[in-house]
Amino acid sequence: MPRAIGHQRQHRLFFRDDHGSGLAGGGGGLARAIPAVVPAKLGHRLAGLDLVPDLGADIGSPTWFRGAATCAALCAATWMLAPSVDQPILGIAPAPLSGKAEQAQQAQAIAPLASGSRTGIHAAPTRLVQPLGDTPERPIIEHEAKLGSGTMLRSVLQRSGVGEADAGIAARLVADAMPLGSIQRNTLLEMTLGRRPDKSQPRPLERLAFRAAFDRRIEITRTGAALAIKSIPIAIDRTPLRVQGLIGSSLYRSARAAGAPAKAVEAFLRTVSSRVPVSRLGASCKFDLILGQARAATGEVQYGQLMYAGVTGCANGIKLAPWESGGKTEWFDAGGTGGKTGMMTMPVNGRFSSAFGMRTHPILGFNRMHKGIDIAAPYGSPVYAAVDGVVRVAGRSAGYGNLVRIDHGSGFGTGYAHLSKILVRPGQSVRKGQQIARSGNSGLSTGPHLHFETTRNGAAVNPRGVSFVSVRRLTGGALGAFQARLRSLMAVPVGHGAQPEDAE
């Protein structure tokens with residue numbers, strides 16, 4: 001048993017051959033180092049003694065503590081044999097080079113540029129070398145700078161080395177050709193500065209060129225002593241871009257893979273989802289989108305707004321195009337039907353103070369039908385249109401005080417009473433959430449609040465129970481013009497096509 005244990009420990013430290021003899025280190029090496037005069041019993045014990053065991057194994061065992069003691073003894077012996085801190089080890093340092101030896105060393109060395117690179121063999125000056133009284137300048141300097149904004153053109157030129165007079169003339173020439181504020185941020189200025197008569201004078205501006213707009217380039221050049229401006233038009237192809245393809249597993253990824261810009265695909269998804277859930281569009285459906293595109297002769301491309309959004313090849317097919325109606329741009333389908341707007345917005349921020357129905361009038365003192373609801377709000381609070389519509393009444397109206405009535409179509413209307421100020425006029429189109437007045441205490445009112453009414457075909461209904469939907473429809477000449485516009489869009493071929501007559 002003891003031999004088996006010893007064999008296992010030795011196996012962790014080194015290999016043994018078939019006869020059990022040690023190949024390297026460990027107890028086997030110690031056994032060979034024991035002289036023959038040592039008794040056999042003591043030699044057998046020393047042979048099994050391992051003074052340098054693995055300290056990562058059998059932690060806490062007697063063998064481990066024996067190895068730790070050996071390590072501590074070796075460290076102590078090293079510290080005792082080392083020289084003291086205050087008595088450094090003396091060495092021999094070579095003497096510094098001088099004279100020809102130093103020159104030869106520098107000629108063979110390679111010093112970094114950051115240190116001056118004063119290495120290598122330098123030729124001594126001859127009688128042909130003459131010292132210069134002044135450093136010559138380059139005849140011209142080509143420089144580039146970026147504009148923070150067009151109004152900073154003059155200051156940017158001056159910071160780039162252009163003289164104050166030339167910078168002022170160049171800025172005035174550009175301002176006469178176009179508004180400086182219309183120049184886009186980070187526009188790159190290419191300038192050439194010429195030779196100056198002496199170093200105390202700024203360099204003259206010889207040439208200035210930059211892309212003033214997508215379809216225009218401006219160049220300022222010097223002719224003699226004067227600066228002249230030249231506006232160079234850039235040819236622009238405004239053919240719309242039409243992209244089609246199968247929806248597949250992902251409408252967004254399919255449209256992007258077909259070449260549609262990311263923003264155009266996002267607008268397409270928003271437009272289509274307002275009419276039909278995108279989840280209902282099958283993989284076999286085909287998307288169809290058209291967007292504005294401007295291609296410059298110099299190669300740049302700018303994409304415009306989405307001009308058409310369609311889905312074909314399935315039951316949920318739809319064709320949508322934008323059209324301006326009543327001062328508002330909306331998307332209509334091929335039949336001239338616009339989107340649905342529903343759910344009234346809160347006309348004023350406040351609390352409900354009186355409900356709809358019969359009540360005792362707080363001023364008149366008898367039972368009377370309350371045709372709306374009262375919303376208590378501080379005097380002058382903003383009053384908003386509950387839904388899109390057209391203002392029919394905007395003025396004084398007996399007990400209502402200052403009153404606004406809005407027609408929302410399909411027989412629905414809203415009223416806003418006891419106002420302190422009216423901000424709209426009869427016949428004006430308003431949008432949902434647009435401020436139309438300020439709350440007040442005009443008419444038969446006991447305090448600042450808004451009286452809010454809703455009507456259907458002229459009859460008052462409870463506003464808190466109304467959630468009507470309004471749909472805008474094109475009729476007459478507007479419908480004919482919209483459908484003609486839609487037909488021109490359908491004539492645009494995929495990829496590159498002819499420009500529709502009224503496309504922007």
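Everything numeric in this text was worked out from a predicted model, so none of it was measured. Starting from 1, each residue takes its place in the sequence as its number.
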Between [X] (side chain) and [Y] (backbone), is there a donor-acceptor pair under 3.5 Å?
{"X": "Thr271", "Y": "Ala267", "value": "yes"}
{"X": "Glu266", "Y": "Lys263", "value": "no"}
{"X": "Ser488", "Y": "Arg485", "value": "yes"}
{"X": "Thr192", "Y": "Glu206", "value": "no"}
{"X": "Thr329", "Y": "Glu324", "value": "no"}
{"X": "Arg154", "Y": "Ala167", "value": "no"}
{"X": "Arg270", "Y": "Ser274", "value": "no"}
{"X": "Thr223", "Y": "Ala226", "value": "no"}
{"X": "Gln201", "Y": "Asp198", "value": "no"}

Do Ser353 and His449 meet the criterion of a side-chain donor-acceptor pair at a distance under 3.5 Å?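 Absent: no donor and acceptor within the cut-off.
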Under 3.5 Å, is there a donor on one side chain and an acceptor on the other for Tyr252 and Ser254?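 No pair is found: no donor N or O on one side chain lies under 3.5 Å from an acceptor on the other.
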Within-4.5 Å side-chain heavy-atom neighbours: [X] and [Y]:
{"X": "Pro240", "Y": "Gln293", "value": "no"}
{"X": "Trp323", "Y": "Glu330", "value": "no"}
{"X": "Cys71", "Y": "Cys75", "value": "yes"}
{"X": "Gln434", "Y": "Gln428", "value": "yes"}
{"X": "Ile436", "Y": "Leu423", "value": "no"}
{"X": "Val430", "Y": "Val390", "value": "no"}
{"X": "Thr455", "Y": "Val461", "value": "no"}
{"X": "Val278", "Y": "Leu251", "value": "yes"}

Restricting to non-hydrogen atoms, name the atom on [X] and the atom on [Y] that form the minimum distance, rounded to 0.1 Å.
{"X": "Arg275", "Y": "Gly338", "value": "NH2-C, 3.0 Å"}
{"X": "Leu320", "Y": "Val272", "value": "CD1-CA, 4.5 Å"}
{"X": "Leu157", "Y": "Ala170", "value": "CD1-CB, 3.9 Å"}
{"X": "Ile406", "Y": "Ala385", "value": "CD1-CB, 4.0 Å"}
{"X": "Leu188", "Y": "Phe210", "value": "O-CB, 3.3 Å"}
{"X": "Gly433", "Y": "Tyr384", "value": "O-CD2, 3.3 Å"}

How many angstroms lie between [atom1] in [X] and [atom2] in [Y], if you round to the nearest 0.5 Å?
{"X": "Arg438", "Y": "Leu450", "atom1": "CZ", "atom2": "CG", "result": "13.5 Å"}
{"X": "Asn316", "Y": "Leu281", "atom1": "CG", "atom2": "CG", "result": "6.0 Å"}
{"X": "Ser160", "Y": "Leu189", "atom1": "OG", "atom2": "CG", "result": "7.0 Å"}
{"X": "Phe65", "Y": "Asp58", "atom1": "CZ", "atom2": "CG", "result": "12.0 Å"}
{"X": "Thr475", "Y": "Phe482", "atom1": "OG1", "atom2": "CZ", "result": "13.0 Å"}
{"X": "Arg242", "Y": "Leu291", "atom1": "CZ", "atom2": "CG", "result": "12.0 Å"}

Measure centre to centre between the rings of His370 and Phe356, then say whether the value is under 6.0 Å.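 Not close enough - the centres of the two rings lie 6.0 Å or further apart.
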Residues [X] and [Y] bridged, charged N to O under 4.0 Å:
{"X": "Glu300", "Y": "Arg295", "result": "no"}
{"X": "Glu190", "Y": "Arg211", "result": "no"}
{"X": "Glu142", "Y": "Arg207", "result": "no"}

For atom [atom1] of [X], decide whether the heavy atoms of other residues, nucleotides or ligands shown that lie under 6.0 angstrom number more than 12.
{"X": "Gln305", "atom1": "CD", "result": "no"}
{"X": "Arg392", "atom1": "CZ", "result": "yes"}
{"X": "Gln184", "atom1": "CD", "result": "no"}
{"X": "Arg280", "atom1": "CZ", "result": "no"}

Checking side chain to side chain contact (heavy atoms under 4.5 Å, CB included) for the pair Glu137/Arg195: CA distance, chi angles, key distance, verdict? CA-CA 8 Å; Glu137 288 189 328; Arg195 188 189 297 274; 5.9 Å; no
Evaluate the side chain to side chain contact (heavy atoms under 4.5 Å, CB included) criterion for residues Thr414 and Val387: first the C-alpha distance (whole Å), next the side-chain angles of each, then the deciding distance (0.1 Å), finally the verdict. CA-CA 9 Å; Thr414 54; Val387 187; 5.7 Å; no
Apply side chain to side chain contact (heavy atoms under 4.5 Å, CB included) to Tyr400 and Glu453, showing your working. CA-CA 11 Å; Tyr400 284 112; Glu453 293 183 358; 2.7 Å; yes
Begin with the C-alpha distance, continue with both residues' side-chain angles, and end with the deciding distance and a verdict on side chain to side chain contact (heavy atoms under 4.5 Å, CB included) for Ser439 and Tyr379. CA-CA 6 Å; Ser439 65; Tyr379 189 92; 5.7 Å; no
Which residue is it: Gln158, Arg203, Arg222? I am looking for the one with a side-chain hydrogen bond (donor to acceptor under 3.5 Å, both in side chains) to Asp166. Arg222
Return the orientation label for the His418 and His451 ring planes: parallel under 30°, perpendicular over 60°, tilted otherwise.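 The rings of His418 and His451 stand perpendicular, inter-plane angle above 60°.
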Partner of Val243 by side chain to side chain contact (heavy atoms under 4.5 Å, CB included), out of Leu289, Val265, Asp288: Leu289
